[in-house]
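For reference, the structure is listed below as structure tokens.
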Amino acid sequence: MTTPPEPPPSYLIIGSGVFGASTALHLIRSHPSASITLVDRDAYTAPVRIAASWDWNKVIRSDYTDIVYTRLGLEAQELWRNDPILKEFYHESGVVWISSGDSRFGEKAVSNFEELGVRQDALRLGVEEAKRVWDGYLRNADFTEVDVEKGVLVNRNSGWAEAKEALQAVIQAAVDLGVRYEVAEVKGVVVEGGRCKGIVTSDGKRLEADRVVLCTGAYTPKLLIDSAPGWKELHAGERMFAMAVTEATVPLEGTEAEMLGTRPVAMNDNPRERGFEVGCLPLPKMSAYKCWGQVIFRNSAESISRPPELPSYKEAQWDVPETLQDDVRWALRSLFGEQGSNKPMENFRICWDAVTSSEDFIISPHSASEGLYIATCGPFHGFKFLPVLGKYVIEMLEGRLDPALQKKWAWDREQPSKISHKKLASVEYKDLLKMEAKS
């Protein structure tokens with residue numbers, strides 16, 4: 001008698017941001033008969049969501065100092081250009097990087113393309129030449145600490161994507177293929193006999209599956225503590241931290257609004273002592289820019305960093321103190337000089353994400369529990385990989401992930417000895433609120 005094949009395992013994917021959405025779509029395509037449930041506190045059609053991936057737009061690039069992400073970025077960009085689900089949301093506007101004098105970003109990014117044998121319309125420019133690109137778009141930017149010979153990277157093969165629209169389209173495609181979408185607030189994972197059995201929701205409902213994949217971003221450390229407060233091996237510990245950056249939109253009129261469709265993404269990390277880089281992306285459909293600030297901060301509580309617990313969890317992104325609003329306004333001054341500093345801003349938003357000390361993803365089995373997997377930690381640059389992240393999550397789930405990537409993205413990997421200001425930001429949200437109260 002022929003033994004019938006075993007049914008495919010069932011899956012619970014918690015969190016429908018970039019990791020969760022990509023995983024759901026890749027899983028249902030690979031295993032069309034599997035039971036796959038995607039769980040999130042918000043409907044994927046909601047006009048406003050808490051996910052870091054819910055945004056007006058995101059930078060799409062393959063410019064990295066780490067060649068692993070260069071390779072992944074190039075793979076993702078091909079799909080942004082050609083995938084029928086995603087291509088309508090991608091805009092190859094070009095990207096301009098203004099780097100401070102001690103940065104080797106542009107040099108390393110270009111050398112990675114050369115090492116991979118990839119042709120890119122990417123050049124390192126001197127300051128005076130950079131001031132002339134795109135008809136002098138950034139001629140008034142702050143170039144104070146920039147290498148005057150080759151301190152600016154211009155890549156015309158990079159650009160931006162309409163973020164919330166692309167995310168919703170990917171989830172809709174997964175649902176159309178058979179993924180079940182469940183709206184629920186997840187209270188914790190359920191582990192019995194050393195194996196994760198599923199999750200329990202805030203209203204006491206229990207959802208079970210053979211494999212549970214946490215794609216819960218900045219909320220992951222708290223979720224694991226809430227699941228089993230006394231079980232340290234389950235907790236994130238020093239592996240990841242919730243951190244945030246502030247963004248806003250800048251409404252434009254007249255010629256500036258008309259030119260948005262031809263404008264590049266622009267970033268400036270000068271001066272470095274203020275924090276990370278500022279950035280500005282075109283938003284033609286809104287006749288606006290989107291900008292983000294330079295200060296990356298955390299919210300430490302109960303031995304972890306987590307988004308603040310405000311009366312409504314959505315307030316964790318929309319309750320923005322004036323000090324952080326000023327930080328976003330700095331972006332306009334940094335990129336456009338005094339002519340940009342007086343522009344009005346609206347839609348201030350705090351974007352919370354999970355960050356590892358190496359800025360790498362975590363795509364890994366959880367070492368403390370069978371059946372529990374982690375796929376998160378985009379550190380403010382994960383969205384661009386929406387087309388491919390699920391592919392690598394499936395390889396991890398099935399034990400096929402490249403050994404080098406297994407090591408790089410492991411839950412229990414060795415932590416780096418040298419940690420940058422971005423990776424473990426020391427600025428505390430509560431201190432920013434105190435500054436607000438004093439002013």
Would you check if the side chain of [X] reaches a backbone N or O of [Y] as a donor-acceptor pair within less than 3.5 Å?
X	Y	value
Arg49	Thr45	no
Arg61	Asp63	yes
Asn157	Ala122	no
Ser227	Val189	yes
Asp353	Met243	no
Ser305	Ala242	yes
His91	Thr262	no

Take a 6.0 Å sphere around [atom1] of [X] and say whether it holds more than 12 heavy atoms from other residues, nucleotides or ligands.
X	atom1	result
Gln339	CD	yes
Lys408	NZ	yes
Glu149	CD	no
Arg119	CZ	no

Distance under 6.0 Å and angle within 45° of ring axis: Arg263 vs Tyr289: no
Cation-pi geometry met for Arg156 and Trp134 (6.0 Å, 45°): yes
Derivation and outcome, side chain to side chain contact (heavy atoms under 4.5 Å, CB included), residues Tyr11 and Leu397: CA-CA 11 Å; Tyr11 299 88; Leu397 290 169; 4.0 Å; yes
Side chain to side chain contact (heavy atoms under 4.5 Å, CB included) assessment of Gln294 paired with Glu277: CA-CA 5 Å; Gln294 208 168 5; Glu277 90 271 341; 5.8 Å; no
Looking at every non-hydrogen atom in both residues, tell me the closest pair between [X] and [Y] and how far apart they are.
X	Y	result
Ser22	Leu389	OG-N, 3.5 Å
Pro221	Met240	CG-CG, 3.7 Å
Cys291	Met345	CB-CE, 4.1 Å
Ile296	Phe276	CD1-CB, 3.8 Å
Ser53	Leu167	CB-CD2, 3.8 Å

Does this structure show an ion pair linking [X] with [Y], if we count only N-O contacts that are shorter than 4.0 Å?
X	Y	result
Lys150	Glu107	no
Lys108	Asp66	no
Lys131	Glu128	yes
Lys290	Asp55	yes

Trace of the side chain to side chain donor-acceptor pair (under 3.5 Å) decision for Ser364 with Arg413: CA-CA 10 Å; Ser364 172; Arg413 63 177 176 256; over 6 Å; no
Atom [atom1] of [X] and atom [atom2] of [Y]: how far apart are they, to the nearest 0.5 Å?
X	Y	atom1	atom2	answer
Glu145	Ile98	CD	CD1	12.5 Å
Ile13	Thr216	CD1	OG1	12.5 Å
Ile171	Ser16	CD1	OG	4.0 Å
Tyr69	Glu359	OH	CD	9.0 Å
Arg306	Leu223	CZ	CG	12.5 Å
Thr70	Phe113	OG1	CZ	6.0 Å

Among Arg71, Gln77, Glu75, Lys384, side chain to side chain donor-acceptor pair (under 3.5 Å) partner for Ser62: Gln77
Flag side-chain contact, heavy atom, 4.5 Å: Lys58 against Phe89: no
Within-4.5 Å side-chain heavy-atom neighbours: Asp269 and Phe105: no
Pair listing, salt bridge (charged side-chain N to carboxylate O under 4.0 Å, His left out) test, anchored in residues 334-346, at least two apart: Glu256-Lys343
Verdict with supporting geometry, Arg81 and Glu78, salt bridge (charged side-chain N to carboxylate O under 4.0 Å, His left out): CA-CA 5 Å; Arg81 295 184 185 107; Glu78 279 304 299; 2.7 Å; yes
Evaluation steps, side chain to side chain contact (heavy atoms under 4.5 Å, CB included), between Leu234 and Leu372: CA-CA 10 Å; Leu234 188 69; Leu372 180 61; 3.9 Å; yes
Residue pair Ser300, Glu428: steps toward the side chain to side chain donor-acceptor pair (under 3.5 Å) verdict: CA-CA 7 Å; Ser300 299; Glu428 289 283 354; 2.6 Å; yes
Ring pair (Phe, Tyr, Trp, His ring centres under 6.0 Å), paired with Trp352, selected from Phe297, Tyr219, Trp318: Phe297
Ring pair (Phe, Tyr, Trp, His ring centres under 6.0 Å) evaluation trace for Phe19 with Phe385: CA-CA 9 Å; Phe19 281 87; Phe385 303 106; 8.9 Å; no
From CA spacing to verdict: side chain to side chain contact (heavy atoms under 4.5 Å, CB included), Val393, Tyr373: CA-CA 9 Å; Val393 175; Tyr373 304 86; over 6 Å; no
Tyr64 side chain to His381 side chain, donor-acceptor N/O pair below 3.5 angstrom: yes
Side chain to side chain donor-acceptor pair (under 3.5 Å) between Asp327 and Thr246, intermediate numbers included: CA-CA 8 Å; Asp327 183 49; Thr246 312; 5.3 Å; no
Residue pair Asp402, Tyr392: steps toward the side chain to side chain donor-acceptor pair (under 3.5 Å) verdict: CA-CA 9 Å; Asp402 179 272; Tyr392 294 98; over 6 Å; no
